[in-house]
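Worth knowing before you read on, the calculation uses all heavy atoms, side chains too, and leaves out hydrogens, waters and symmetry mates. Naming: A, B, ... by sequence-line order, numbering from 1 per chain.
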4 protein chains.
Amino acid sequence: MSPKVTQQYKIEIREKIIKAAIDAFSKYGFDRTRMDDVANTADLSKGTIYLHFKSKEDLFYAICENNLAEAKQQISTMFAKKEDLVSDIERFYDFFRKKKTANERIFFETIAESARNAELRKTLYKQRMNIFETAVGWVNLQIERGFFRKNIDANAIAVGLVSLYDGLTVNKLLGVSEDYSKKAWVETIRAIIIGIS
Amino acid sequence: MSPKVTQQYKIEIREKIIKAAIDAFSKYGFDRTRMDDVANTADLSKGTIYLHFKSKEDLFYAICENNLAEAKQQISTMFAKKEDLVSDIERFYDFFRKKKTANERIFFETIAESARNAELRKTLYKQRMNIFETAVGWVNLQIERGFFRKNIDANAIAVGLVSLYDGLTVNKLLGVSEDYSKKAWVETIRAIIIGIS
Amino acid sequence: MSPKVTQQYKIEIREKIIKAAIDAFSKYGFDRTRMDDVANTADLSKGTIYLHFKSKEDLFYAICENNLAEAKQQISTMFAKKEDLVSDIERFYDFFRKKKTANERIFFETIAESARNAELRKTLYKQRMNIFETAVGWVNLQIERGFFRKNIDANAIAVGLVSLYDGLTVNKLLGVSEDYSKKAWVETIRAIIIGIS
Amino acid sequence: MSPKVTQQYKIEIREKIIKAAIDAFSKYGFDRTRMDDVANTADLSKGTIYLHFKSKEDLFYAICENNLAEAKQQISTMFAKKEDLVSDIERFYDFFRKKKTANERIFFETIAESARNAELRKTLYKQRMNIFETAVGWVNLQIERGFFRKNIDANAIAVGLVSLYDGLTVNKLLGVSEDYSKKAWVETIRAIIIGIS
DNA sequence: GATGAATGAGGATTCATTCAT
DNA sequence: GATGAATGAATCCTCATTCAT
């Protein structure tokens, strides 16, 4: 077998495990998920997981990174250029709605965990800055296009938008109705846009 | 001994334990905190804790409720009437800054846990609605006073404000600089206010 | 207060505790009965129990001795002289039936415990010999009266009768119907009597 | 590995654990035996025991059932057909003598426990009826062969014999001398046989 | 490479006993 | 004497990790 094939195979197994771990961690939380749960979900043996991840914690980090990568991807998609600002807001919300709840649960667990884990916090911080940059880029784009005023604090507004998004995720997880969240998102963004146009 | 004294004493011990548990849970997270940690922090024996709380989970619930009660208190304070809207924004932020980080860590852990625990989710949901109401009241007050337009969606804006607040908490926990958060809060709120005035 | 009154009082409390302990031990077994159970049943505080008994084990011994004393009393009653042998058999059975099940449960627990506890075993052994003697006395009485043959082994028959009695207690505890036991007792004794007349 | 081997292996381990548990429970009693004791006796780790038995209680049930199965086997052997009745009595006694004391201790603990445990009581009751049936069969056989009279109550006599046997076990456990028990058994049975011939 | 049986450290919970009031 | 709050030793059970097959 060529190394390429082997390499490919390894990556496949790795992703299979990560997928299973996300599933399991979302359902039970990190500490209450047993490696057996992950193994069963992945349809693999516990031993095999240890061939790919040094420890449960190692697996958790891999998930965090995976989650972050995905989040970044999502945010990028979210802030993809588009001319019509109003349809943007709607798109934002629809995007928000479609996101799997699974990852959101892990998101909060990750946040909580980061409070105790400097390494993880560093990774998350870096990623967050990344997200901010993307958002700032979007705001600046709107400024260039004349949709937003030139003298606004692009950074601050960008952080505000991302934070609003995060805050609505809290509501979503707590079971606050879609209606509430959608209106909050649309109306608040609308107000902001008016405020900075 | 009069029952009153005994009752008072019991409550004191209870609060001592809750305080210790918040400390410990914040530091290590619920699952990784040993009852020994809580006991040592409270300067009590493990056995005594079990005289006041049926189980570790029971203690966690008590903390959640305690946290919620405190959060409600804080939110209420935050939305206390004040004439000058601009100073309000600043006050909001200062208030935000002063909040102990300990509780915030638990806040996220609670959110994550609620994803798996219907009972907890119900409690959190109820509390959240309560917070929303308070915020709505504040928004309506501003409308009455003529600071906000009459035709805005008070509900949506209130939810948006609370969410923005929650989202900034995420940043705070991840170590995002105060400067970033303060500016984001002030500028975003300013934009919103302009947008709805 | 005169020492006599105090003494009397002490004994009363002691018996109250023993009664409660028998109740509790019968229900849950020695190991699974908490001193709290005994205290509650006796309507006393745990502390008070320790004023009368050095330890839980000490209390158990007291119960065993109490039980033995009672058993001896019962057996004595059972073997009280009576002319009519046939009515004796019936009386035996009725006696058997009336005995509280509570004590029987403790009886077996005591037996099991004695297997591991030399001190207890010694006490039980002594008591057993005592019971045998009483039974032998009864058998000898029947011989004297001409109901039983002179050349039988009074000892052996006495032990046999007591054992039959014990064995039927096993059935009783397991829920074997009264009918079964009564017939077994009456018919087996009848056979024995015929065999040794 | 073929399933057959695995299955066989599993059964072996299971029996090893049961054997160790009987040993340990006999020595210390159910409640005072630590799972560590069982594990050490079985020369296995605690964890391994939990791979085969869900809980300590589960293990206890397994022992009870094992004990019952063995008891049934023994009783069956005991009542195996034999022509010479007198030699039968001796054989009964010799059989009685050979039985390991370990199981007898557990027998009483099981009885005591059954007083509080309906499930266990049901199992024991069923088994007891089984034993009775075997005994009844033996008695009927003697009737057929002309050793016993036709008009006796086979059921009652069978229950009486089994009860006598059980009762003698009490004596054995309490340390009553072999001599006493042997004579009691032989003479009482002899009397019964005479009484029903 | 894959497996899953075996391990044993770790932690929640219980409860006999003590002792200040 | 009586109480019951406080203690902490004791023990069941779980589960991450290892390693022989």
Side-chain angles (χ1 to χ4, degrees), chain A residues 1 6 9-10 13 30-40 42-60, chain B residues 1 5-6 9-10 13 28 30-40 42-59, chain C residues 1 6 9-10 13 30-40 42-60, chain D residues 1 5-6 9-10 13 31-40 42-59:
Chain A
M1 230 181 265
T6 301
Y9 180 62
K10 257 185 123 166
I13 295 277
F30 176 73
D31 282 293
R32 292 191 225 171
T33 299
R34 288 167 293 134
M35 288 304 259
D36 264 318
D37 294 327
V38 178
N40 289 337
D43 210 23
L44 289 169
S45 75
K46 257 183 304 182
T48 302
I49 293 178
Y50 280 91
L51 290 177
H52 293 264
F53 298 92
K54 216 180 65 192
S55 67
K56 194 183 174 186
E57 199 169 334
D58 193 34
L59 178 55
F60 182 60
Chain B
M1 225 182 268
V5 172
T6 299
Y9 180 63
K10 259 185 125 167
I13 295 274
Y28 310 118
F30 176 74
D31 283 295
R32 289 190 232 172
T33 299
R34 288 166 294 130
M35 287 306 259
D36 261 322
D37 294 328
V38 178
N40 289 337
D43 209 23
L44 289 168
S45 73
K46 250 180 310 182
T48 302
I49 294 178
Y50 280 94
L51 289 178
H52 294 264
F53 298 92
K54 219 179 59 194
S55 66
K56 195 182 173 185
E57 199 171 332
D58 192 36
L59 178 55
Chain C
M1 227 182 265
T6 300
Y9 181 63
K10 256 186 122 167
I13 295 278
F30 176 73
D31 282 293
R32 291 191 227 172
T33 299
R34 287 166 292 132
M35 289 304 260
D36 263 319
D37 294 327
V38 178
N40 288 337
D43 210 21
L44 289 168
S45 74
K46 258 182 305 181
T48 303
I49 293 178
Y50 279 90
L51 290 176
H52 293 264
F53 298 92
K54 216 180 64 192
S55 67
K56 194 183 174 186
E57 200 170 332
D58 193 36
L59 178 54
F60 182 60
Chain D
M1 223 181 269
V5 172
T6 299
Y9 180 64
K10 260 185 123 165
I13 296 275
D31 283 296
R32 289 190 233 172
T33 300
R34 287 167 295 130
M35 286 306 260
D36 260 322
D37 293 328
V38 178
N40 289 337
D43 209 23
L44 288 169
S45 74
K46 247 180 312 180
T48 302
I49 293 179
Y50 281 94
L51 289 178
H52 293 264
F53 298 92
K54 219 178 56 192
S55 66
K56 196 181 174 187
E57 198 170 334
D58 193 36
L59 179 54

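E:dA16 atom C1' lies 10 Å from atom CG of C:Asp36, rounded to whole Å. Counting to the nearest Å, the C1' atom of E:dT14 and the CZ atom of D:Arg34 are 16 Å from each other. Distance, C:Ile49 CD1 to E:dC15 P: 15 Å, rounded to whole Å. Distance CG (B:Leu59) to P (E:dT13): 10 Å, rounded to an integer number of Å. In this structure, D:Asn40 atom CG and F:dT11 atom C1' are separated by 14 Å, rounded to whole Å. Rounded to whole Å, the distance from CZ on C:Phe30 to C1' on E:dA16 is 10 Å. In this structure, the CG atom of C:Asp31 is 17 Å from the P atom of E:dT14, given to the nearest Å. Computed from coordinates, the D:Ile13 CD1 to E:dT7 C1' distance equals 13 Å when rounded to whole Å.
Under the side-chain contact (heavy atoms from CB on, under 4.5 Å) criterion, C:Phe60 pairs with C:Phe25, C:Phe30, C:Cys64, C:Thr110, C:Glu113, C:Leu120, sequence neighbours left out. For A:Lys46, the salt bridge (charged side-chain N to carboxylate O under 4.0 Å, His left out) test picks out A:Asp36, with sequence neighbours left out. When the side-chain contact (heavy atoms from CB on, under 4.5 Å) test is applied to A:Ser55, the partners found at least two apart in sequence or on another chain are A:Glu57, A:Asp58. For B:Arg34, the salt bridge (charged side-chain N to carboxylate O under 4.0 Å, His left out) partners at least two apart in sequence or on another chain are B:Asp37. Qualifying side chain to side chain donor-acceptor pair (under 3.5 Å) partners for A:Thr33, counting only residues two or more places apart in sequence or in other chains: none.
When each of B:Ser45 and A:Thr33 is assigned the nucleotide of DNA chain F with its nearest heavy atom, B:Ser45 is the one assigned upstream, toward the 5' end. Of the residues near DNA chain E, D:Leu51 and C:Gly47, the one whose nearest nucleotide (by heavy atom distance) lies more toward the 5' end is D:Leu51. Closest-nucleotide positions on DNA chain F for A:Lys56 and D:Glu57 were compared, and the one nearer the 5' end corresponds to D:Glu57. Each of A:Leu44 and D:Thr48 was matched to the nucleotide of DNA chain E holding its nearest heavy atom; the match closer to the 5' end belongs to A:Leu44.
Phosphate contact (OP1/OP2 of E:dC15, side-chain N/O of C:Tyr50, threshold under 4.0 Å): absent. OP1 or OP2 of F:dA6 lies within a sub-4.0 Å distance of a side-chain N or O belonging to B:Tyr9. Between C:Lys46 and F:dG4 there is no side-chain N or O to OP1 or OP2 distance below 4.0 Å.
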So what's the dot-bracket for DNA chain F: Watson-Crick or G-U pairs under 3.5 Å, [ ] if a pair crosses, | if it pairs off-strand?
-> .||||||||||||||||||||
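Taking every heavy atom of both residues into account, C:Asp31 and C:Lys56 meet most closely at O-NZ, 3.5 Å.
Taking the side chain as every heavy atom from C-beta outward, A:Ile13 and A:Leu51 never approach each other to under 4.5 Å.
For A:Met35, counting side-chain heavy atoms from C-beta on, the closest listed nucleotide (F:dG1, F:dC12, F:dA16) is F:dA16.
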